[in-house]
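So you know, we letter chains A, B, ... as the sequences are listed, proteins then strands, and number each from 1.
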Protein chains: 2
Amino acid sequence: MINYAEILKSSGLKATLQRLSILKIINTNGHITIDDLYKEMYKVNSTISLATVYKNILTMMRKSLVLEIPIIEKKSYYELKKSDHIHLICDICNSIEDKDINDLGLEINRVSNNFILSHSQLNLYGTCEECQK
Amino acid sequence: MINYAEILKSSGLKATLQRLSILKIINTNGHITIDDLYKEMYKVNSTISLATVYKNILTMMRKSLVLEIPIIEKKSYYELKKSDHIHLICDICNSIEDKDINDLGLEINRVSNNFILSHSQLNLYGTCEECQK
DNA sequence: CTCTGTGCAAAGCGTTTGCAAACGA
DNA sequence: TCGTTTGCAAACGCTTTGCACAGAG
């Protein structure tokens, strides 16, 4: 059980119901688009404004609580900040699977000599196991 | 000297002046946004339409002649298709540097078991050598 | 109580579309 | 010549903005 209120406050943000709802829904879904996030929030509170979702995603991205996953020819997905990992993105069903990396991290450090790494975006596009059937 | 006309034709596309111009400019710049691409084309031919640029980038992406590089909180860049490589994207000056990978490729194959890889998007964000000064 | 955050409606802007004319093969 | 591509202008849809009101601390 994650204490989102504390996380928000320690980033200098007020723990509003809207923000708590956003963090909870992203966490439940793993990765989600703005639209789907809005739809989920709407189910709980139909007075939620799409503008509020946009504003908060931006705010929380700037505070590094939320990360954007830009995807080729599609809308961006958003996820909670966690340790670096790879995304396996299915071209067919659009599913996104997280994959941890260990050795890969070492390689990346070696590659990025003279480059101070802040964030890595490792997306692999292809066909997932399910869609191969 | 690359024969873009041949490449286009073998993809079933007509080798129009506009398309040849797009490919030449992308090749010269390495990575470029739609806007900058349009501006470069406009210098040569001021009757070029932005819609034509959009249409052709899409068409050539579908034929895998051009690849999109989606970037967090910024507009996408486009590059010519070449062997897989890493992008070092500077948070400060927005420069994009290509970096070849060898060992990394092996790791990726290992990670993506049961996943048929079609394209990898490896973007590392940080501060480039120049901007560290 | 004060300042931040929300909801609403309008504005903004990048991208797409439809169609007649131009062009490539 | 015939099908494809272009240029133009309008339409579209996602995202942002401004402002009055509500809510968190």
Side-chain angles (χ1 to χ4, degrees), chain A residues 3-25 32-63 65-78 94, chain B residues 3-25 32-63 65-78 94:
Chain A
N3 189 337
Y4 295 121
E6 267 318 308
I7 295 174
L8 286 166
K9 284 177 201 162
S10 63
S11 293
L13 302 176
K14 292 192 175 178
T16 64
L17 291 176
Q18 290 85 342
R19 284 178 184 154
L20 294 171
S21 170
I22 288 173
L23 292 173
K24 194 173 148 224
I25 291 169
I32 196 167
T33 60
I34 295 280
D35 258 23
D36 289 345
L37 176 53
Y38 171 69
K39 281 177 197 153
E40 287 301 315
M41 295 179 74
Y42 189 90
K43 285 182 190 168
V44 180
N45 169 13
S46 63
T47 66
I48 180 72
S49 155
L50 186 52
T52 298
V53 180
Y54 275 107
K55 283 173 189 164
N56 280 324
I57 284 290
L58 232 207
T59 303
M60 296 198 275
M61 272 176 59
R62 295 273 155 79
K63 297 290 186 183
L65 303 184
V66 169
L67 298 182
E68 180 182 354
I69 312 172
I71 297 181
I72 292 176
E73 285 203 64
K74 304 212 189 88
K75 296 255 156 294
S76 286
Y77 277 69
Y78 297 87
N94 296 335
Chain B
N3 189 336
Y4 295 120
E6 265 319 309
I7 295 174
L8 285 166
K9 283 177 202 161
S10 64
S11 292
L13 301 176
K14 291 194 176 179
T16 64
L17 291 176
Q18 291 86 340
R19 284 178 183 153
L20 293 170
S21 171
I22 288 174
L23 292 172
K24 194 172 147 226
I25 291 170
I32 196 166
T33 60
I34 296 279
D35 258 23
D36 288 345
L37 177 54
Y38 171 70
K39 282 177 196 153
E40 287 299 315
M41 294 179 76
Y42 189 89
K43 285 182 191 168
V44 180
N45 170 13
S46 64
T47 66
I48 180 71
S49 155
L50 187 51
T52 299
V53 180
Y54 276 107
K55 283 173 190 164
N56 278 324
I57 285 290
L58 233 208
T59 303
M60 295 198 277
M61 273 176 58
R62 295 273 157 78
K63 297 290 185 184
L65 304 183
V66 169
L67 298 181
E68 181 182 354
I69 312 173
I71 296 181
I72 293 175
E73 283 203 66
K74 303 212 189 87
K75 295 254 158 300
S76 286
Y77 276 68
Y78 297 86
N94 296 334

Q: Go through residues 10-17 of chain A and report each residue with a non-hydrogen atom lying under 4.0 Å from DNA chain D, sorted by number.
A: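 Of all residues in residues 10-17 of chain A, the ones placing a heavy atom under 4.0 Å from DNA chain D are A/Lys14, A/Ala15.
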Q: Could you state the interatomic distance from CE (A/Met41) to CG (A/Leu50), rounded to the nearest 0.5 Å?
A: 10.0 Å
Q: To the nearest angstrom, how far is A/Lys75 atom NZ from C/dG14 atom P?
A: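 Spelled out: NZ on A/Lys75 to P on C/dG14 is 14 Å.
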Q: Show your working on side-chain contact (heavy atoms from CB on, under 4.5 Å) between A/Leu8 and A/Lys63 and close with a plain yes or no.
A: CA-CA 9 Å; A/Leu8 286 166; A/Lys63 297 290 186 183; over 6 Å; no
Q: Which of residues 40-53 of chain B sit near DNA chain C, with a heavy atom under 4.0 Å from it?
A: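 Heavy-atom cutoff 4.0 Å gives B/Ala51.
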Q: Is there a donor-acceptor pair under 3.5 Å between the side chain of B/Glu68 and the backbone N or O of A/Glu73?
A: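 Yes, the answer is positive, given that a donor and an acceptor are paired below the 3.5 Å cut-off.
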Q: Would you indicate, yes or no, if D/dG7 has its OP1 or OP2 atom less than 4.0 angstrom from a side-chain nitrogen or oxygen of B/Gln18?
A: yes
Q: Find the distance between CD1 (B/Ile22) and OG1 (B/Thr52) and round it off to the nearest 0.5 Å.
A: 8.0 Å
Q: Please list, chain by chain and in numerical order, all residues satisfying side-chain contact (heavy atoms from CB on, under 4.5 Å) with A/Asp36, sequence neighbours excluded.
A: A/Ile32, A/Thr33, A/Lys39
Q: Is there a donor-acceptor contact under 3.5 Å from the side chain of B/Ser11 to the main chain of B/Leu13?
A: no
Q: Taking atom C1' of D/dT16 as reference, at what distance in whole Å does atom CD1 of A/Ile57 sit?
A: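 Atom CD1 in A/Ile57 sits about 15 Å away from atom C1' in D/dT16.
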Q: Would you say the side chain of B/Tyr4 lies within less than 4.5 Å of the side chain of B/Arg19, judging by non-hydrogen atoms?
A: no
Q: Could you tell me how far apart A/Tyr38 (OH) and D/dT16 (P) are, to the nearest whole angstrom?
A: 16 Å
Q: B/Leu8 has an atom CG; how far is it from atom C1' of D/dT6, in whole Å?
A: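 From B/Leu8 CG to D/dT6 C1': 15 Å.
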Q: Give a yes or no on whether the backbone of B/Leu17 and the side-chain of B/Ser21 come within a donor-acceptor separation of less than 3.5 Å.
A: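 Not confirmed, B/Ser21 side chain does not pair with B/Leu17 backbone.
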Q: Base, sugar-phosphate alone, or nothing: which one does A/Lys55 contact when heavy atoms must sit under 4.0 Å apart?
A: base
Q: Rounded to the nearest 0.5 Å, what separation is found between the CD1 atom of A/Ile57 and the OH atom of A/Tyr78?
A: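 Taking CD1 in A/Ile57 and OH in A/Tyr78, the distance rounds to 6.5 Å.
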Q: Could you give the CG-to-C1' distance, from B/Leu20 to C/dG24, as a whole number of Å?
A: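 To the nearest whole Å, that distance equals 11 Å.
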Q: In whole Å, what is the span from the OH atom of A/Tyr78 to the C1' atom of D/dC14?
A: 11 Å
Q: B/Arg62 CZ to D/dT4 P: how many Å, rounded?
A: 17 Å
Q: Provide, to the nearest angstrom, the distance between the CE atom belonging to B/Met60 and the C1' atom belonging to D/dT5.
A: 12 Å
Q: At 4.0 Å (heavy atoms only), tell me whether B/Asn56 reaches a base, stays on the sugar-phosphate, or touches nothing.
A: sugar-phosphate
